[in-house]
Enquirer: 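I have a structure here, written as structure tokens, and I will follow up with some questions on it.
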Amino acid sequence: MKKTLQSRALRREVSKQLHMKRYVLVFLSLIGLVFSTHGKAIEVMITPDMASVDVIYEERRITIRRNQDRKNKVKSYYSYTSRRCPPFCIQPISAAAGVQTVGELEVIDYLKKVSKGDHSLLVIDARTPQWPRRGMIPGAVNIPWTMLDFEHSDAKSVARLMEERLGVSYSEGEIDFSNAKTLILYCNGMWCAQSTRSINALMAMGYPPERLKWYRGGMQAWEMLGLTTVEAGK
């Protein structure tokens, strides 16, 4: 009887230790969410439960997080308030009828899906190449608005781009958008019309508006939040 009681007590103690071990592991994993790779606490989170996000950019894993220097300031070329209008005019809240306007968290969610292999989505930096070289959103691809504009590109080049990169197909002269990708487009910010020109060009060709998303804040808002950028070509 005595041995039986001792055995039960031992089993209870082992079970208690196992539960404690699980709690410790869970606790440590949660702590790990708010620590950087350098072991420093992440004080500036993306959301209360999101410290960072890993995305794929040019076959490299890039971690998107906010700048941890709380004295950090936006880059000088995104700090100007009074650019000449036109062409740098304030854009409306909606790029076009049926096109959803999205914010940073939605863009991050799309980037996560793309990085996990969702080929039905594409995040597009619609700016001309000199801008992405200064910094762009990791996981996006640069397709300048000029490549979709018939004033700057010929019809054959536009058709090839639509087919090879956007999932559009052609049959007997007709455009088929049934497998067209959902595109999330951005440019420099609420004063920049490069992404809206891409959206309008796509819609003029029949691209379904429900498959177009617009990040109006663009690079200026992304930079103002201290989110990670990469320089195109590096």
Side-chain angles (χ1 to χ4, degrees), residues 54-62 64 87 91 94-102 106-189 192-219 222 229-234:
D54 287 341
V55 300
I56 302 299
Y57 170 72
E58 295 187 350
E59 300 182 353
R60 291 182 291 137
R61 186 173 296 278
I62 302 290
I64 295 176
Q91 300 298 299
S94 175
V99 176
Q100 182 185 12
T101 302
V102 298
E106 289 78 17
V107 172
I108 289 172
D109 188 52
Y110 285 125
L111 290 169
K112 286 165 59 178
K113 290 176 180 177
V114 171
S115 296
K116 290 179 180 178
D118 189 340
H119 300 297
S120 70
L121 302 169
L122 192 63
V123 181
I124 295 176
D125 185 322
R127 300 174 298 166
T128 47
Q130 72 272 21
W131 284 103
R133 286 196 288 268
R134 292 179 173 179
M136 63 183 291
I137 296 174
V141 297
N142 181 216
I143 302 179
W145 67 272
T146 50
M147 295 179 70
L148 292 166
D149 190 290
F150 289 115
E151 292 183 11
H152 298 83
S153 190
D154 61 90
K156 186 178 289 186
S157 297
V158 173
R160 185 167 59 250
L161 169 64
M162 298 269 282
E163 193 166 22
E164 292 178 356
R165 306 195 70 178
L166 307 187
V168 176
S169 58
Y170 295 84
S171 177
E172 298 179 356
E174 295 293 323
I175 308 178
D176 181 5
F177 291 99
S178 57
N179 293 315
K181 297 185 178 185
T182 295
L183 311 178
I184 303 90
L185 299 101
Y186 73 90
C187 52
N188 276 320
C192 179
Q194 294 179 84
S195 52
T196 53
R197 291 194 68 162
S198 287
I199 289 169
N200 289 328
L202 287 164
M203 290 185 67
M205 289 183 276
Y207 214 97
E210 66 272 13
R211 297 193 187 183
L212 297 171
K213 313 291 180 184
W214 183 42
Y215 174 32
R216 180 177 183 263
M219 286 306 302
W222 192 267
T229 64
V230 290
E231 295 177 10
K234 291 186 178 180

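As the structure is a prediction and not an experimental result, all values here were calculated from the model.
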Enquirer: Spell out, as yes or no, whether a donor-acceptor pair under 3.5 Å connects the side chain of N142 to the backbone of T128.
Expert: no
Enquirer: What is the distance from atom CZ of R165 to atom CG of L122, rounded to the nearest 0.5 Å?
Expert: 7.0 Å
Enquirer: Is atom CG of D154 surrounded by more than 12 heavy atoms (other residues, nucleotides or ligands) closer than 6.0 Å?
Expert: yes
Enquirer: Can you tell me how far apart CE (M205) and CG (N200) are? Round to the nearest 0.5 Å.
Expert: 10.5 Å
Enquirer: Is there a side-chain contact between V168 and Y207, using heavy atoms and a 4.5 Å cut-off?
Expert: yes
Enquirer: Do Q130 and R133 have side chains that get closer than 4.5 Å, going by heavy atoms?
Expert: yes
Enquirer: For residues W145 and H152, report the shortest heavy-atom separation together with the two atoms involved.
Expert: CH2-CE1, 3.4 Å
Enquirer: For a 4.5 angstrom cut-off between non-hydrogen side-chain atoms, does D125 reach Y186?
Expert: yes
Enquirer: Quick one: are M219 and R127 in side-chain contact, heavy atoms under 4.5 Å?
Expert: yes
Enquirer: Could you state the interatomic distance from CD1 (I199) to CZ (R197), rounded to the nearest 0.5 Å?
Expert: 13.0 Å
Enquirer: Hey, does L183 have a side-chain heavy atom less than 4.5 Å from the side chain of R211?
Expert: no
Enquirer: So do the side chains of S157 and M147 get within less than 4.5 Å of each other, counting heavy atoms only?
Expert: no
Enquirer: Tell me, do L148 and M162 make a side-chain contact under 4.5 Å, heavy atoms counted?
Expert: yes
Enquirer: Please name the pair of heavy atoms, one in E163 and one in S169, separated by the smallest distance, quoted to 0.1 Å.
Expert: OE2-CA, 4.5 Å
Enquirer: Walk me through whether S195 and W214 qualify under side-chain hydrogen bond (donor to acceptor under 3.5 Å, both in side chains).
Expert: CA-CA 8 Å; S195 52; W214 183 42; 2.9 Å; yes
Enquirer: Does the side chain of I124 reach to within under 4.5 Å of the side chain of V141, using non-hydrogen atoms?
Expert: yes
Enquirer: Nearest heavy-atom pair of V55 and S115: which atoms, and what distance?
Expert: CA-OG, 3.1 Å
Enquirer: Please check if the side chain of S153 supplies one atom and the backbone of D149 the other of a donor-acceptor pair under 3.5 Å.
Expert: no
Enquirer: Check this for me: E174, atom CD, are more than 12 non-hydrogen atoms of other residues, nucleotides or ligands nearer than 6.0 Å?
Expert: no
Enquirer: Let me confirm one number: the CD1-CD1 distance from I64 to I137, rounded to the nearest 0.5 Å.
Expert: 7.5 Å
Enquirer: Within this structure, what is the SG-CZ distance for the pair C192 and R216, rounded to the nearest 0.5 Å?
Expert: 12.0 Å
Enquirer: Using atom types as modelled and distance alone, determine if a side-chain donor or acceptor of R61 lies under 3.5 Å from a backbone N or O of D54.
Expert: no
Enquirer: Would W222 and T229 count as having a side-chain donor-acceptor pair, cut-off 3.5 Å?
Expert: no
Enquirer: What is the distance from atom OH of Y57 to atom CD1 of I62, rounded to the nearest 0.5 Å?
Expert: 8.0 Å
Enquirer: Search all heavy atoms of E58 against all heavy atoms of G233 and return the closest pair with its distance.
Expert: OE2-N, 4.4 Å
